[in-house]
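Everything on this sheet refers to the single structure shown next.
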Amino acid sequence: MKMKYLTILALSGILVSVSSCNKYLDENPDNRTELNSSDKIAKILVSAYPENIGALTAELSSDNVDDYGSTNPYSERLNDQMFNWQDLTEKDVDDINGFWSSSYKAIASSNAALDAIAEAGNPSSLNPQKGEALVARAYNHFMLVNLFAQHYSKTTSKNDLGVTYMTKAETTLDPKYQRNTVAEDYEFIIKDLEEGIPLIDDSKFASSSAAKYHFNKTAAYAFAARVYLFMGEWQKAADYASKALGNPTESLRDYAKIIGFVSVFNNYTREYNSSSIKANYMVLAPYSGMGLIFGAYYTGSRYNHNAYIARKETIYAAPPYLNAASLPGVIAGTINIGPTNYRLRPATYSGTNLDKTLLPHVSYIFEYSDPVAGIGFYRGLIAEFTSEEALLTRAEANIHLKKYSESIADMDLWATNNVNFAQGMTEASINNWANLLDYYTPTKPSPKKKFNNKDYVIESGTQENMLHAVLLMRRIQTLHTGMRWYDIKRYGIEVYRRTLSGGTVGSVSSDVLKIGDMRRAIQLPQDVISAGLTPNPR
């Protein structure tokens with residue numbers, strides 16, 4: 001194998017900090033990682049996953065949170081900006097600078113591995129590493145383009161600004177970059193996915209637990225299902241979800257085991273996101289304070305998922321899998337759904353300046369850098385791809401394909417695994433549920449929100465009603481992880497901002513995130529714009 005050196009990708013260095021990249025490029029080659037063995041290539045792929053993520057930006061931008069007002073001191077300026085869809089200028093562990101930089105550094109690791117494999121002549125012995133590198137490269141670009149660009153559209157993405165898709169490790173000083181279009185980014189993502197997935201070999205991972213921190217075969221299938229879902233390629237989304245699921249009854253989460261940890265919320269979240277859980281296809285442990293914000297702490301309580309949203313729109317709202325006799329009472333508020341109705345029991349924390357209703361979807365970890373001094377870093381443990389998401393992806397895709405019985409079977413399976421009161425759904429029962437609900441308004445909220453995506457041809461009646469049902473399930477399943485933001489973008493759902501007072505709506509902001517609002521694409525980091533990359537229009 002020829003000698004290959006790992007070089008820092010300029011898009012994560014020069015565009016964030018010219019001086020820091022210069023230091024890397026001025027290093028003598030013998031101080032760099034020499035990728036001259038399969039073992040070293042495999043090890044460099046540990047760095048092909050982001051150390052920072054954009055999930056908090058996405059979650060606080062979504063409709064999963066409300067504002068408890070300026071009298072609540074438990075917030076940061078960065079959270080204020082995220083909630084109000086402002087350009088993000090503040091620095092923190094969850095800022096977009098870290099997400100941008102760490103994503104491109106992860107891409108650099110993938111590209112370094114791929115370059116080394118190419119220089120070695122692309123031997124079949126390195127196919128597993130090549131497959132992982134390609135899929136990881138696709139994943140990092142996918143997450144970047146979905147946060148920093150408008151949602152994929154068959155009509156506008158050929159012109160919409162995407163992100164720079166890097167297919168080679170940068171070796172020149174001060175290169176100049178242009179943003180690809182969203183359509184071009186997706187073409188590259190699909191190319192990397194379709195080439196990479198067949199090469200992944202789970203037997204090459206040291207253990208099944210170790211495989212959960214990498215793109216194993218199942219996680220790669222689930223990722224492909226998500227990509228095709230976002231593109232509106234319904235049959236391909238359903239097909240890849242099926243590959244990820246296998247027999248879904250064998251891969252769904254065993255809540256009876258997890259509920260044993262419910263008395264201590266952090267233990268509860270740790271168990272939910274454990275790599276030993278079969279339902280968790282891939283787990284990430286980025287630097288993040290999300291486990292604090294969506295944990296049993298005052299931290300982040302100004303903007304959070306509260307009892308009002310839970311009761312009206314999410315966990316305790318009237319679901320389509322409730323028996324018909326109870327539906328009117330739950331909608332009217334005379335019958336209450338509570339924590340014990342769920343196999344995955346929600347946790348509620350209330351008090352002065354504290355109103356959080358949480359599911360254990362993000363775990364808080366503190367990594368000590370100096371145990372004696374008691375200092376270190378926040379990390380969040382999060383299951384990035386799960387069997388539940390794959391199941392609901394297939395259900396949603398089949399609704400668009402009008403395979404309603406297949407979709408209902410998947411939604412039923414999700415519901416009966418999650419709640420104790422789930423009743424078997426039918427087209428008639430779902431229509432009855434949806435027809436009893438009024439469309440959402442900020443003062444009279446409900447889970448039913450108007451769709452405004454012109455790319456999706458949605459028939460009124462059964463098809464629209466079933467989509468409302470599956471999106472409610474997705475919203476519950478992905479709560480606190482940021483995924484709701486992408487469902488909002490996909491369906492053109494408008495988002496309102498409310499300030500709550502005493503657990504009810506106190507005021508509604510005139511600032512509404514409407515369909516076509518340019519703020520649906522988060523603005524690039526200021527350092528990146530200052531270095532010359534075209535900003536998002538405002």
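Just the heavy atoms: all of them, side chains too, but no hydrogens, waters or symmetry mates, feed the values below.
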Is any NZ, NE, NH1 or NH2 atom of the basic residue among [X] and [Y] found under 4.0 Å from an Asp or Glu carboxylate oxygen of the other?
{"X": "Lys402", "Y": "Glu459", "result": "yes"}
{"X": "Glu313", "Y": "Arg475", "result": "yes"}
{"X": "Glu195", "Y": "Lys130", "result": "yes"}
{"X": "Arg474", "Y": "Asp487", "result": "yes"}
{"X": "Arg226", "Y": "Glu384", "result": "yes"}
{"X": "Arg497", "Y": "Asp511", "result": "no"}
{"X": "Asp63", "Y": "Arg484", "result": "yes"}
{"X": "Asp202", "Y": "Lys217", "result": "no"}

What do the steps show when you test Arg490 against Glu396 for salt bridge (Lys or Arg N to Asp or Glu O under 4.0 Å), and what is the final call? CA-CA 12 Å; Arg490 290 193 300 125; Glu396 181 186 339; 2.7 Å; yes
Is any side-chain heavy atom of [X] closer than 4.5 Å to a side-chain heavy atom of [Y]?
{"X": "Pro50", "Y": "Asn140", "answer": "yes"}
{"X": "Tyr68", "Y": "Asn306", "answer": "yes"}
{"X": "Asn79", "Y": "Ile293", "answer": "yes"}
{"X": "Gln477", "Y": "Met473", "answer": "no"}
{"X": "Lys448", "Y": "Tyr440", "answer": "no"}
{"X": "Leu134", "Y": "Lys191", "answer": "no"}
{"X": "Ser75", "Y": "Tyr303", "answer": "yes"}
{"X": "Asn52", "Y": "Ser101", "answer": "no"}

Side chain to side chain contact (heavy atoms under 4.5 Å, CB included) for Val135 and Leu193? Distances and angles first, verdict last. CA-CA 5 Å; Val135 175; Leu193 268 177; 4.0 Å; yes
Check for a donor-acceptor pair, side chain of [X] on one end and backbone N or O of [Y] on the other, with a separation under 3.5 Å.
{"X": "Asp517", "Y": "Leu513", "result": "no"}
{"X": "Asn180", "Y": "Tyr165", "result": "yes"}
{"X": "Asp66", "Y": "Ile309", "result": "no"}
{"X": "Ser62", "Y": "Trp485", "result": "no"}
{"X": "Ser157", "Y": "Asp160", "result": "no"}
{"X": "Thr164", "Y": "Gln178", "result": "yes"}
{"X": "Asn216", "Y": "Ala211", "result": "yes"}
{"X": "Ser387", "Y": "Ser251", "result": "yes"}
{"X": "His361", "Y": "Leu479", "result": "yes"}
{"X": "Glu59", "Y": "His480", "result": "yes"}

Check Pro445 against Pro442 and note the closest heavy-atom contact, atom names and distance. CD-O, 4.1 Å
Nearest heavy-atom contact between Met282 and Ala219 is CB-CB, 3.7 Å
If you measure from CD1 on Ile200 to CD on Gln129, what distance do you get to the nearest 0.5 Å? 11.0 Å
Can you tell me which residue among Leu88, Leu144, Thr57 is in a side-chain contact (heavy atoms from CB on, under 4.5 Å) with Phe99? Leu144
As a test of understanding, state which of Asp95, Ile96, Thr481, Asp94 forms a side-chain contact (heavy atoms from CB on, under 4.5 Å) with Leu56. Asp94
Less than 6.0 angstrom separating the ring centers of [X] and [Y], yes or no?
{"X": "Tyr49", "Y": "Tyr213", "answer": "no"}
{"X": "Trp100", "Y": "Phe148", "answer": "yes"}
{"X": "Phe142", "Y": "Phe223", "answer": "yes"}
{"X": "Tyr281", "Y": "Phe385", "answer": "no"}
{"X": "Tyr456", "Y": "His400", "answer": "yes"}
{"X": "Tyr152", "Y": "Phe230", "answer": "no"}

Considering the options Tyr491, Phe451, Trp433, which one meets the ring-ring contact (aromatic ring centres under 6.0 Å, His included) requirement together with His468? Phe451
Report the C-alpha separation of Arg179 and Glu184 in whole Å, then their side-chain angles, then the decisive distance to 0.1 Å, and conclude whether the salt bridge (Lys or Arg N to Asp or Glu O under 4.0 Å) test is met. CA-CA 10 Å; Arg179 295 175 68 173; Glu184 289 169 340; over 6 Å; no
Are Thr156 and Gln150 close enough, and set up right, to give a side chain to side chain donor-acceptor pair (under 3.5 Å), and what steps lead you there? CA-CA 9 Å; Thr156 66; Gln150 297 293 337; over 6 Å; no
So Ser507 and Arg498, side chain to side chain donor-acceptor pair (under 3.5 Å) or not? Walk me through it. CA-CA 6 Å; Ser507 63; Arg498 307 176 298 201; over 6 Å; no
Sequence neighbours left out, what passes salt bridge (charged side-chain N to carboxylate O under 4.0 Å, His left out) with Lys489? Give chain and number order. none
Filter on salt bridge (Lys or Arg N to Asp or Glu O under 4.0 Å), then keep only pairs touching residues 132-157, sequence neighbours left out; what's left? Arg137-Asp192
With a cut-off of 6.0 Å (strictly less than), are more than 12 heavy atoms of other residues, nucleotides or ligands near CD of Glu76? no
Just wondering, more than 12 heavy atoms not from Lys91 lying within 6.0 Å of its NZ? yes
Please walk me through it: do Asn431 and Thr462 pass side chain to side chain donor-acceptor pair (under 3.5 Å)? CA-CA 6 Å; Asn431 283 329; Thr462 297; 3.0 Å; yes
Residue pair Tyr496, Glu494: steps toward the side chain to side chain contact (heavy atoms under 4.5 Å, CB included) verdict: CA-CA 7 Å; Tyr496 293 79; Glu494 295 184 343; 3.8 Å; yes
Would you sort out whether Asn398 and Trp234 count as a side chain to side chain contact (heavy atoms under 4.5 Å, CB included), showing the intermediate values? CA-CA 7 Å; Asn398 278 331; Trp234 311 120; over 6 Å; no
Output, in order, the C-alpha distance, side-chain angles, deciding distance and verdict of side chain to side chain contact (heavy atoms under 4.5 Å, CB included) for Lys168 and Asp115. CA-CA 7 Å; Lys168 294 289 182 183; Asp115 286 352; 3.8 Å; yes
Trace of the side chain to side chain donor-acceptor pair (under 3.5 Å) decision for Asp455 with Ser153: CA-CA 7 Å; Asp455 273 359; Ser153 165; 2.7 Å; yes
